[in-house]
Amino acid sequence: MRDEGWTGLREIQDAAIRSILGSGNDVIIMAGTASGKTEAAFLPLLTEAAEMTGGGLRLLYISPLKALINDQFRRLEPLCERLGIPITRWHGDAPQGPKTRLLKTPSGVALITPESIEGLLLRRPADAAKLFRGLHGIVVDELHAFLQGPRGLHLACLLRRVDRITSGRPRRVGLSATLGDADAACRWMNAVNPQSVDVLRAPQSGPGVRLQIRGYEEPPEGAGIDEIAENGASDALSQIADHIFLNLRGSNNLAFAASRRTVEALADRLRERSERDNVPEEFFPHHGSLSKELRETLETRLKAGDQPTTAVATTTLELGVDLGSVQSVAQVGAPRSLSGLKQRLGRSGRRGTPAVLRIYVREDHLDPDSDPLDKLRLETVRAVACVQLLQANWVEPSTEDSSLATVALHQTLSLIASQGGVRAPAAHKLLFGRDSYLSFAPTDYADLLRGAGPQGSDLLEQSPDGMLMLGKAGEELVQARDFYAVFKTDEEWRLVSSGRTLGTVPLTNVLGIGSLVGFAGRRWRVETVDDRAKVLDVIPHRSGKLPRFDRPANEQLHDRVTATMLEVLSDHEVPAYLDAGGKQFLLQGRNAFRELGLDRRALIPAARDTHVITWRGTAVNSVLSIVLMSAGLEVAVHDIGVTAVDVTPDQLAAVIHQASDCPPMEDLSDFVAGLRTAKLDDFVDESLLRRMWAARHERYRDDVSHVLEGLRSTTAML
DNA sequence: GACCTGCTGCGGTTTG
């Protein structure tokens, strides 16, 4: 290691070496960027591997990104070479020659993606068996990326299938910068005995975070280009761009925004500004629609560190290759989750100096008839709430994923294809046995298989002796190149009104008949939902123009974030980290909170609608919206509650007083539409999907009952 | 109205 200029082992590396060499336990190593956690895992694992006799692949390193595999390959290759251990990259773009050689004589280390493991198990089971037989350890990088979403369920299944090939269960080592929910991570690593997992945390490095929240107000609505030019005013994003230009230019930084559109708009304003001042360009956009070449050029430039560079990015830069030393992180728009915020902060790895975080908040211009939700200055309030939760070191726990049925079906198809056939009880035991991370009741599994059989979506057939086989549709599905990944790529829903196609929208959340969606500057009421054809039949809604509060749906808010927002509004202290604009927004929000009487009222009239303010997170609000829809109302969900359309508070109070507690989720699930959101859900029995939705949401039933009870007690006084 | 992630095997030809 001295060759790399290291003087000694860092604390986390010392701990990892002792933990890995000292016991056979699974290990999680939590440490920030550039902390040397890859080496911390590999040094002891390679030491053990070097001592093993006979051939065979010893270590499998799994990454969610191809780019990360290439990066780690460059770092590990010299180390492996010195130890005389071969190392092979294995992903779709990796060179074929070394892969072929590895299959011929398996040895050393392989760096691979989950999808490529799937490819091996599915298409070349004999090669896979030969490759994995002597496996000694499995390293999962960016572990937190696998703790939510279908890909984590998928990888958990793949590792069980690999374990079945090997003689002993290979030891697992997980690497992660931030793990909000360490318990969930331990369960994922080792479902049989999660408490046996050694969790190693690097000591909190550096002197903490220096942060600021800056507030910017949009010009009055309807202020056209002329007026803006006349008053010398500009929109909030331009002012934010100016501040970023003046303060971030000359160093390396990361600026995050929630949408590709905002990223492009901000990068464009920064480019304009650089041209105007006749200075070299150093602000560049980075998001999923940009070519790999453009993105890589930017990443390389950041890492090289010889030209000042600021990347303006979506979540693309949250994961992945080491970006080198970064002076500050800018966040345009208040954060929505602490896990995201921490992830972004963690990307600014700079030893010895405090991390710098600037949160830029935009609020609308207010006039007397502004919507009450706008008057509350919720962006600013959410930014303050997130900073408080950051200081309290809280992170969202992971939630149950809605793609379990899809993953179960996917893995069943893969098992059948790789083995030529499988019996249902054996498949169930392999995928959902007592020691599996995934659980699926045998009766539900039977329904899943039946729904995919000849009477259902026709993917599966059963031979007379009970063996499950692929049907024709199943063969086609498994043959497709698209099969390897279990996650769905963006799908557009067609919005149709009276037979006329209005356009397409990407839609990820479930909704119900009576949901209101905004499109092309108007509001539309959902009449029917065709899950399979992906068509939403809508009619123009009476309320016509889009109200200001109808913001695009976004990452879900957790209960604790909205509860903290309520605390921030009820409080009197003004945090010093707010700039003048931010302070003003916070005071305005608190004034509105008092004037609206939100400390004792929850139903707030807004034009012809009524806002129900619950101060609960997205999950509770969506269930509440379904309860109200099932009572015949038209409802939209917003960040701190729901909005019932075209009813007065009195009318709404009457409905709420008639409603008893929250109905059983089983009953409510009848009113949920658009349930088929995961990749293979089109092939899953609908009543099973409803039951699974109900089971997943059962935990919110008491919360919704509680909200309804609260509403009844506050409206009784009207 | 958000965002992100990955991908075969074979037969033919060309190249070192």
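Numbered from 1 within each chain, the chains take letters A, B, ... in sequence-line order.
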field: Between B:dA2 (C1') and A:Lys488 (NZ): distance, integer Å
entry: 14 Å
- request: Mind checking A:Arg295 for me? I need base, sugar-phosphate or nothing, with any heavy atom below 4.0 Å counting as a touch.
  value: sugar-phosphate
- request: Would you mind reading off the distance between A:His144 atom NE2 and B:dC4 atom P, rounded to a whole angstrom?
  value: 16 Å
query: Is A:Thr314 near enough to B:dC4 that one of its side-chain N or O atoms lies under 4.0 angstrom from OP1 or OP2?
result: yes
field: salt bridge (Lys or Arg N to Asp or Glu O under 4.0 Å) assessment of A:Asp93 paired with A:Lys292
entry: CA-CA 12 Å; A:Asp93 302 337; A:Lys292 204 170 78 176; 3.5 Å; yes
- prompt: For A:Glu555 and B:dC3, what is the distance between atoms CD and P respectively, to the nearest whole Å?
  reply: 12 Å
field: For atom CD of A:Gln148 and atom P of B:dC3, their distance in whole Å
entry: 17 Å
query: Under 3.5 Å, side chain of A:Ser625 to main-chain N/O of A:Val637, donor-acceptor pair present?
result: no
- request: For each nucleotide in nucleotides 8-16 of chain B, reading 5' to 3', give B when a protein heavy atom comes within less than 4.0 Å of its base, S when such contact involves only the sugar-phosphate, and - otherwise.
  value: BS-------
task: Please tell me which of the listed nucleotides, B:dT5, B:dG6, B:dA2, lies nearest to the side chain of A:Ser259?
output: B:dA2
Length of the NE2-C1' vector between A:His286 and B:dC3, whole Å: 13 Å
task: State the CG-CZ distance between A:Leu298 and A:Phe283, to the nearest 0.5 angstrom.
output: 12.0 Å
task: Determine: side-chain N/O of A:Arg260 to OP1/OP2 of B:dC3, distance under 4.0 Å, yes or no.
output: yes
Can you give each donor-acceptor pair under 3.5 Å made by side-chain atoms of residues 112-131 of chain A, sequence neighbours left out, with the distance rounded to 0.1 Å?
from: A:Thr113; atom 1: OG1; to: A:Ser116; atom 2: N; distance (Å): 3.1
from: A:Thr113; atom 1: OG1; to: A:Ser116; atom 2: OG; distance (Å): 3.3
from: A:Glu115; atom 1: OE1; to: A:Arg151; atom 2: NH2; distance (Å): 3.0
from: A:Glu115; atom 1: OE2; to: A:Arg151; atom 2: NE; distance (Å): 3.0
from: A:Glu118; atom 1: OE1; to: A:His154; atom 2: NE2; distance (Å): 2.7
from: A:Glu118; atom 1: OE1; to: A:Gln411; atom 2: NE2; distance (Å): 2.8
from: A:Glu118; atom 1: OE2; to: A:Ser414; atom 2: OG; distance (Å): 2.5
from: A:Arg123; atom 1: NE; to: A:Tyr484; atom 2: OH; distance (Å): 2.5
from: A:Arg123; atom 1: NH1; to: A:Val478; atom 2: O; distance (Å): 3.4
from: A:Arg123; atom 1: NH2; to: A:Val478; atom 2: O; distance (Å): 2.9
from: A:Arg123; atom 1: NH2; to: A:Gln479; atom 2: O; distance (Å): 3.3
from: A:Arg123; atom 1: NH2; to: A:Tyr484; atom 2: OH; distance (Å): 2.9
from: A:Arg124; atom 1: NE; to: A:Asp127; atom 2: OD2; distance (Å): 3.3
from: A:Lys130; atom 1: NZ; to: A:Leu103; atom 2: O; distance (Å): 3.2
from: A:Lys130; atom 1: NZ; to: A:Lys104; atom 2: O; distance (Å): 3.0

Criterion side-chain contact (heavy atoms from CB on, under 4.5 Å) on A:Leu143 and A:Met189, from CA distance to verdict: CA-CA 9 Å; A:Leu143 178 61; A:Met189 291 287 289; 4.1 Å; yes
query: Between B:dA2 atom C1' and A:Arg344 atom CZ, what is the distance in whole Å?
result: 11 Å
- prompt: Taking the nucleotide of DNA chain B with the closest heavy atom to each, which residue, A:Ala480 or A:Thr316, is nearer the 5' end?
  reply: A:Thr316
Short side-chain N/O contact to B:dG6 OP1/OP2 from A:Thr489, under 4.0 Å: no
- prompt: A:Lys292 has an atom NZ; how far is it from atom P of B:dC7, in whole Å?
  reply: 10 Å
statement: Taking B:dC4, B:dA2, B:dG6 as options, the one with an atom nearest any side-chain atom of A:Asn554 is B:dA2
- request: Starting from P on B:dC4, measure out to CZ on A:Phe256 and report it in whole angstrom.
  value: 12 Å
- prompt: So, A:Phe483 and B:dC7: ring centres less than 5.5 Å apart, planes less than 30° off, yes or no?
  reply: no
task: Have a look at A:Asp482 and say if it touches a base, only the backbone sugar-phosphate, or nothing, with a 4.0 Å heavy-atom cut-off.
output: base
- prompt: By side chain to side chain donor-acceptor pair (under 3.5 Å), which residues pair with A:Ser259, not counting sequence neighbours?
  reply: A:Thr262
message: Less than 3.5 Å apart, any donor N or O on the side chain of A:Glu555 or A:Ser337 sitting next to an acceptor on the other?
response: yes
